[in-house]
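In this chain, residues are counted from 1 in sequence order.
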Amino acid sequence: MAAHGGFIRVLHSEALHERTLSVLASIESAADATAHRDELGAVVIELTNSALDYCFMQPLKRAKPGFVVEQTASLGMNGVQQMIGRVVRQVIGHMNAEQLLSISASIRRFMV
């Protein structure tokens, strides 16, 4: 399904960018892409955490809502990240090579 409308740009560290490209290349060149499930899961989780921080926590901190609000948001985001991490690991852990290659291609399109 094609996306319509605008987009959100998410900046992440150069190290994460390089690690992501390395994992994608490993998946795309592997005789058995399923051997790289754990690495892909880890990168997806790190990209997700980076996006949550960039799109929510950083703007919240710039708004200076106060210590209690920031701490509450931080605790909530930690819970969200833990839940997402478990789901991502489980889902990616059951994917076949074709599905992993599809995920890899999607992530590459996001990285332009």
Side-chain angles (χ1 to χ4, degrees):
M1 175 180 222
H4 298 284
F7 62 93
I8 295 175
R9 182 176 179 182
V10 176
L11 300 179
H12 53 272
S13 71
E14 184 64 32
L16 178 54
H17 182 81
E18 292 302 320
R19 192 166 43 259
T20 302
L21 292 176
S22 175
V23 169
L24 298 181
S26 295
I27 290 168
E28 294 160 354
S29 66
D32 179 14
T34 62
H36 300 282
R37 286 177 179 141
D38 290 344
E39 297 105 305
L40 180 61
V43 163
V44 168
I45 291 165
E46 198 168 346
L47 287 167
T48 302
N49 292 347
S50 178
L52 289 170
D53 180 65
Y54 186 78
C55 293
F56 181 70
M57 289 305 296
Q58 289 179 25
L60 179 69
K61 288 177 183 178
R62 283 193 296 275
K64 299 180 184 199
F67 178 78
V68 173
V69 172
E70 282 186 42
Q71 286 303 107
T72 301
S74 181
L75 286 171
M77 294 310 295
N78 287 336
V80 166
Q81 290 171 345
Q82 288 175 6
M83 175 76 81
I84 289 172
R86 286 190 294 268
V87 171
V88 166
R89 283 184 200 91
Q90 184 174 15
V91 169
I92 289 178
H94 289 91
M95 288 185 159
N96 64 32
E98 183 180 333
Q99 292 164 330
L100 294 170
L101 288 166
S102 176
I103 297 293
S104 178
S106 292
I107 293 170
R108 271 206 190 276
R109 283 193 301 274
F110 299 149
M111 296 186 72
V112 291

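- Residues forming a side chain to side chain contact (heavy atoms under 4.5 Å, CB included) with A35 (at least two apart in sequence, or on another chain): none.
- S26 contributes a side-chain N or O that, together with a main-chain N or O of S22, makes up a donor-acceptor pair within less than 3.5 Å.
- The hydrophobic cluster containing V10 also includes I8, L11, Y54, under a criterion of side-chain heavy atoms closer than 4.5 Å among ILVMFWY residues, counted directly or through chains of members.
- Qualifying side chain to side chain contact (heavy atoms under 4.5 Å, CB included) partners for A15, counting only residues two or more places apart in sequence or in other chains: S13, R19.
- For the pair S50 (side chain) and E46 (backbone), a donor-acceptor distance under 3.5 Å is absent.
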Determine whether Q99 and I103 satisfy the following criterion, side chain to side chain contact (heavy atoms under 4.5 Å, CB included), listing intermediate values before the conclusion. CA-CA 6 Å; Q99 292 164 330; I103 297 293; 5.6 Å; no
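- Between the R37 side chain and the H94 main chain, no donor and acceptor come within less than 3.5 Å of each other.
- Residues M111 and V44 fall within the same hydrophobic cluster, defined by Ile, Leu, Val, Met, Phe, Trp and Tyr side chains chained together at heavy-atom separations under 4.5 Å.
- Proximity of V43 to L47: side-chain heavy atoms (C-beta onward) are separated by under 4.5 Å at one or more points.
- Heavy atoms only, all atoms of each residue included: S104 and I27 are closest at CB-CG2, 4.2 Å.
- In this structure a side-chain-to-backbone donor-acceptor pair under 3.5 Å is missing from Q90 to V87.
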Could you walk me through whether E70 and K64 pass the salt bridge (charged side-chain N to carboxylate O under 4.0 Å, His left out) test, one step at a time? CA-CA 8 Å; E70 282 186 42; K64 299 180 184 199; over 6 Å; no
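- M57 is not listed as a side-chain neighbour of L52, based on a closest heavy-atom distance of 4.5 Å or more.
- Between the side chains of E39 and H36, at least one donor N or O sits under 3.5 Å from an acceptor N or O.
- Crowding of D38 atom CG: a count of heavy atoms from other residues, nucleotides or ligands under 6.0 Å not exceeding 12.
- The shortest side-chain heavy-atom distance between I107 and L40 falls under the 4.5 Å cut-off.
- Two residues are said to be in side-chain contact when any heavy atoms from C-beta on lie closer than 4.5 Å; R89 and I45 meet this criterion.
- At least one donor-acceptor pair closer than 3.5 Å links the side chain of S106 to the backbone N or O of S102.
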